[in-house]
Amino acid sequence: MAVVPAGRSRLKTRVTELLGIQYPIIQGGMQWVGRAELVAAVSNAGGLGVLTALTQPTPEALREEIARCRTMTNKPFGVNLTLLPSINPPPYEKYLDVILESGIKILETAGNNPKEFIAKAKAQGVKIIHKCVAVRHALSAERNGVDVVSIDGFECAGHPGEDDIGGLVLIPAAVAKLKIPVVASGGIANGRGMAAALALGAEGVNMGTRFCATQEAPIHPNIKQALVDAGERDTRLMFRKLHNTARVLKNAVSDEVVKIENRPEGAAFEDIRHLVAGGRGRTALEGGDVNGGVITAGQTVGLIHDIPTCKELIDRMVSECRADLEAAVRKMA
Ligand SMILES: Cc1cc2nc3c(=O)[nH]c(=O)nc-3n(C[C@H](O)[C@H](O)[C@H](O)COP(=O)(O)O)c2cc1C
């Protein structure tokens with residue numbers, strides 16, 4: 001008997017049922033990348049696209065972006081709200097109000113565990129995916145009432161936390177402790193990774209870097225090509241000593257940041273601020289200068305070899321995932 005019936009137009013888990021999507025493949029929130037073009041393409045292909053709230057300069061601009069996305073898809077999509085400590089915090093509450101007023105039914109939270117935001121969104125029937133990097137944080141989010149936990153292994157782009165636990169351990173550790181469904185995030189870029197995540201007990205996958213190298217990602221072709229050209233060793237960890245680790249693409253800027261951070265006399269944030277400013281990263285992503293700023297990317301760069309459409313990518317992942325699960329069972333026969 002087939003492990004996963006071939007040719008089925010769905011791949012059903014608790015995550016697909018909760019979110020009303022065809023395949024348990026989520027495009028995680030991505031600063032400067034999570035715009036309507038990409039989000040609609042992922043949702044139209046049967047996954048879940050997620051707009052990034054803070055990519056929009058104001059809550060009102062987010063309202064317009066949500067409306068724009070609705071003109072491109074009638075499938076479910078979500079919005080990511082990343083709550084990070086910051087010198088000048090954005091008006092998080094106002095962004096949340098716009099998300100709720102716009103009738104968004106899926107919220108991806110990340111960063112601080114936003115207990116009061118969760119309660120407010122839940123009261124309006126919103127499904128919440130909380131993204132975190134540690135089992136203890138996942139348990140606390142579950143206690144606070146989130147519907148799904150997306151857990152990011154050390155391989156991931158962005159902030160993997162400070163515990164350095166890879167997905168192979170983190171995912172089953174989370175699955176063993178949580179009652180709500182777990183989505184595996186970090187290090188997944190193809191059907192084989194998805195098959196592994198499902199075998200580890202996850203009920204879906206979340207990807208960032210892989211979706212940056214798609215036709216619809218609203219970033220410069222040079223950056224997409226740099227992701228294709230990079231190998232699995234071509235990421236760097238910045239901000240280790242500031243206990244705010246970030247995994248980014250290895251380039252002239254991240255090399256310089258790490259060099260300054262590792263000076264024997266140490267370094268303060270002020271010493272690297274000019275290199276890591278968000279605006280500089282945005283300019284690099286949009287302008288195509290691969291060495292122009294910090295480019296967030298994960299170890300999956302070593303698994304990315306082309307720049308497909310989101311539909312090609314998702315269809316391919318689903319069929320590869322099925323074939324890889326079948327092949328694994330056959331090996332044991
Ligand atoms: C360019 C880029 C920007 C990102 N920005 C955010 C963000 O603003 N908020 C967030 O929660 N995660 C962010 N992430 C992390 C992704 O949502 C996702 O958790 C991560 O990329 C998963 O690891 P992967 O890249 O190995 O798939 C970003 C990732 C990338 C590649």
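Atoms within a ligand are numbered from 1 in the order they appear, just like the ligands themselves.
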- Check the surroundings of atom CD1 in I307: do more than 12 heavy atoms from other residues, nucleotides or ligands lie under 6.0 Å from it? yes
- Any idea which atoms of ligand 1 are less than 4.0 Å away from a heavy-atom of N206? 18 (C), 19 (O)
- Query: Between G29 and ligand 1, is there a nitrogen or oxygen pair with a distance under 3.5 Å?
  - Reply: yes
- Task: Show which atoms of ligand 1 fall inside a sub-4.0 Å distance from at least one heavy-atom site of D152.
- Result: 19 (O), 22 (C)
- Decide yes or no on salt bridge (charged side-chain N to carboxylate O under 4.0 Å, His left out) for E37 and R35, but give the supporting numbers first. CA-CA 6 Å; E37 289 75 11; R35 300 178 189 272; over 6 Å; no
- Identify the protein heavy atom lying closest to atom 4 (C) of ligand 1, giving its residue, its atom name and the separation to 0.1 Å. M30 CA, 3.4 Å
- Sub-4.0 Å atoms of ligand 1 with respect to non-hydrogen atoms of T300: 26 (O)
- Task: Indicate yes or no: does an N/O atom of C212 lie under 3.5 Å from an N/O atom of ligand 1?
- Result: no
- L48 side chain near I129 side chain, heavy-atom distance below 4.5 Å: yes
- Report yes if some N/O of T52 lies less than 3.5 Å from some N/O of ligand 1; otherwise report no. no
- Message: Would you say that E286 contacts I219 through its side chain, given a criterion of any heavy-atom pair below 4.5 Å between the two side chains?
- Response: no
- Going through the checks in order, is the side-chain contact (heavy atoms from CB on, under 4.5 Å) test met by V39 and Q27? CA-CA 8 Å; V39 173; Q27 164 256 310; 3.6 Å; yes
- Could you tell me whether A157 approaches ligand 1 through its side chain, its backbone, both or neither, with non-hydrogen atoms closer than 4.0 Å? both
- Shortest protein contact, atom 27 (O) of ligand 1 (heavy atom only): G208 N, 2.8 Å
- Task: Output yes when the distance from some N or O of ligand 1 to some N or O of K131 is under 3.5 Å, and no in every other case.
- Result: yes
- For atom 25 (O) of ligand 1, which protein heavy atom lies nearest, and how many Å away is it? T209 OG1, 2.5 Å
- Message: Closer than 4.0 Å to some heavy atom of A110 - which atoms of ligand 1 meet that?
- Response: 11 (O)
- Query: Purely on distance, is any nitrogen or oxygen of Q31 under 3.5 Å from one on ligand 1?
  - Reply: yes
- Message: The test is salt bridge (charged side-chain N to carboxylate O under 4.0 Å, His left out); show your working for K120 and E93 and say whether it passes.
- Response: CA-CA 10 Å; K120 193 167 172 179; E93 186 102 38; 3.0 Å; yes
- Query: Considering distance alone, does some N or O of G298 sit under 3.5 Å from an N or O of ligand 1?
  - Reply: no
- Item | Ligand-side contact atoms (ligand 1) for residue partner S185, heavy atom cut-off under 4.0 Å | 19 (O), 22 (C)
- Message: Applying a heavy-atom cut-off of 4.0 Å, say which part of L54 lies close to ligand 1: side chain, backbone, both or neither.
- Response: neither
- Are any of the side-chain heavy atoms of I165 and F154 separated by less than 4.5 Å? no
- Look only at interatomic distance and state if T82 has a nitrogen or oxygen under 3.5 Å from any nitrogen or oxygen of ligand 1. yes
- Message: For C156, which part has a heavy atom under 4.0 Å from ligand 1: side chain, backbone, both, or neither?
- Response: both
- With no hydrogens and no angle check, is any side-chain donor or acceptor of N244 less than 3.5 Å from a backbone partner on F239? no
- Query: What part of I295, side chain from CB on, backbone N/CA/C/O, both or neither, has a heavy atom under 4.0 Å from ligand 1?
  - Reply: neither
- Between E261 and R236, is there a side-chain N and carboxylate O pair less than 4.0 Å apart? no
- Using a strict 4.0 Å cut-off to heavy atoms of M207, name the atoms of ligand 1 that fall inside it. 27 (O)
- Task: Return yes when G158 approaches ligand 1 closer than 4.0 angstrom through a heavy atom, no otherwise.
- Result: no
- Based purely on interatomic distance, does R210 place a nitrogen or oxygen under 3.5 Å from a nitrogen or oxygen of ligand 1? no
- K127 and V148, any side-chain heavy atoms less than 4.5 Å apart: no
- Query: How far apart are the C-alpha atoms of T73 and N44, what are their side-chain angles, what is the distance that settles it, and do they pass the side-chain hydrogen bond (donor to acceptor under 3.5 Å, both in side chains) test?
  - Reply: CA-CA 6 Å; T73 183; N44 284 335; 2.6 Å; yes
- Show your working on salt bridge (charged side-chain N to carboxylate O under 4.0 Å, His left out) between D229 and K250 and close with a plain yes or no. CA-CA 12 Å; D229 294 342; K250 184 174 174 359; over 6 Å; no
- Task: Report the distance from atom OG1 of T58 to atom NZ of K94, rounding to the nearest 0.5 Å.
- Result: 11.0 Å
- Message: Please determine whether side-chain hydrogen bond (donor to acceptor under 3.5 Å, both in side chains) holds for the pair S150 and D152, giving the CA-CA distance in whole Å, both sets of side-chain angles, and the decisive distance to 0.1 Å.
- Response: CA-CA 7 Å; S150 193; D152 252 332; over 6 Å; no
- Which residue owns the protein heavy atom closest to atom 26 (O) of ligand 1, what's the atom, and how far is it? G187 N, 2.9 Å
